[in-house]
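Right, one structure below, let's go through it.
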Amino acid sequence: MSDWTWGYNPSEEHVAHGFPPGVVAEVERLAVELAALGPDAATVGRPIDRDGGLREFDILNGRGFISFLAVPRQQCVYVCNITWYG
């Protein structure tokens with residue numbers, strides 16, 4: 001288990017406002033799992049050819065995705081954007 005945490009960037013109000021509660025719950029569940037990976041979170045999702053930077057990860061069977069940053073210096077995963085096609 002990692003000491004990493006997660007949060008919304010810039011804020012939950014900005015990133016998650018207006019999405020159905022089930023979508024927000026899934027995003028938060030995935031954020032907890034990404035934080036549990038610690039520094040390995042920088043290799044999850046797209047792009048697959050490099051580590052770090054803004055990453056994307058599919059949610060709810062491809063009906064959307066999240067964009068996130070894994071920041072080792074702050075030991076935190078930041079959810080920066082939610083895209084939902086539902």
Side-chain angles (χ1 to χ4, degrees):
M1 190 80 182
S2 166
D3 290 335
W4 281 44
T5 60
W6 74 273
Y8 290 102
N9 184 14
S11 68
E12 181 179 4
E13 171 82 13
H14 180 79
V15 176
H17 181 73
F19 288 102
V23 172
V24 175
E26 177 66 3
V27 168
E28 292 180 355
R29 183 188 70 77
L30 288 171
V32 167
E33 291 188 15
L34 288 167
L37 290 173
D40 291 334
T43 64
V44 172
R46 295 179 300 272
I48 58 173
D49 59 341
R50 64 180 169 82
D51 296 349
L54 190 63
R55 318 277 313 160
E56 293 180 347
F57 192 78
D58 290 342
I59 60 172
L60 298 168
N61 296 322
R63 292 183 289 180
F65 62 91
I66 60 171
S67 300
F68 68 93
L69 286 170
V71 183
R73 181 179 63 225
Q74 296 175 354
Q75 293 189 332
C76 191
V77 172
Y78 293 103
V79 177
C80 302
N81 189 45
I82 302 169
T83 300
W84 173 245
Y85 303 121

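Being a predicted model, the structure only gives us computed values, none of them experimental. Just so you know, these numbers use all the heavy atoms, side chains as well, and skip hydrogens, waters and symmetry mates.
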Give, for atom [atom1] of [X] and atom [atom2] of [Y], the distance between the pair rounded to the nearest 0.5 Å.
X     : Y     : atom1 : atom2 : result
Tyr78 : Thr5  : OH    : OG1   : 6.5 Å
Ile59 : Glu26 : CD1   : CD    : 7.0 Å
Thr43 : Arg50 : OG1   : CZ    : 12.5 Å
Ile82 : His17 : CD1   : NE2   : 12.0 Å
Leu69 : Leu34 : CG    : CG    : 11.5 Å

In terms of hydrophobic clusters joined by side-chain contacts under 4.5 Å, are [X] and [Y] together?
X     : Y     : result
Val71 : Leu54 : yes
Val32 : Leu60 : yes
Val27 : Trp4  : yes
Phe65 : Leu37 : no
Phe57 : Tyr8  : yes

Review point. Is the count of non-hydrogen atoms from other residues, nucleotides or ligands lying under 6.0 Å from Asp49 atom CG greater than 12?
Key: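 Yes - once you tally the heavy atoms of other residues, nucleotides and ligands closer than 6.0 Å, there are more than 12.
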Point to revise | Candidate pair Asn9 and Val15, rule side chain to side chain contact (heavy atoms under 4.5 Å, CB included), full reasoning | key: CA-CA 7 Å; Asn9 184 14; Val15 176; 5.9 Å; no
Point to revise | Side-chain donor/acceptor of Ser67 to backbone N/O of Cys80, under 3.5 Å | key: no
Review point. Quick check: does any side chain N or O of Arg63 sit under 3.5 Å from a backbone N or O of Gly86, one acting as donor and the other as acceptor?
Key: no
Point to revise | Non-hydrogen atoms of Gly38 and Ser2 that approach each other most closely | key: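 Of all heavy-atom pairs spanning Gly38 and Ser2, the closest is CA-OG, 3.5 Å.
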Point to revise | Nearest heavy atoms of Val79 and Ala31, plus distance in Å | key: CG2-CB, 4.0 Å
Point to revise | Within-4.5 Å side-chain heavy-atom neighbours: Arg46 and Asp58 | key: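 In short, these two side chains touch, coming nearer than 4.5 Å.
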Check your understanding: Under the side chain to side chain contact (heavy atoms under 4.5 Å, CB included) criterion, do Glu28 and Trp6 qualify, and how do the steps go?
Key -> CA-CA 9 Å; Glu28 292 180 355; Trp6 74 273; 3.4 Å; yes
**Study point:** Residues Val44, Val77; criterion side chain to side chain contact (heavy atoms under 4.5 Å, CB included); working and verdict
**Key:** CA-CA 12 Å; Val44 172; Val77 172; over 6 Å; no
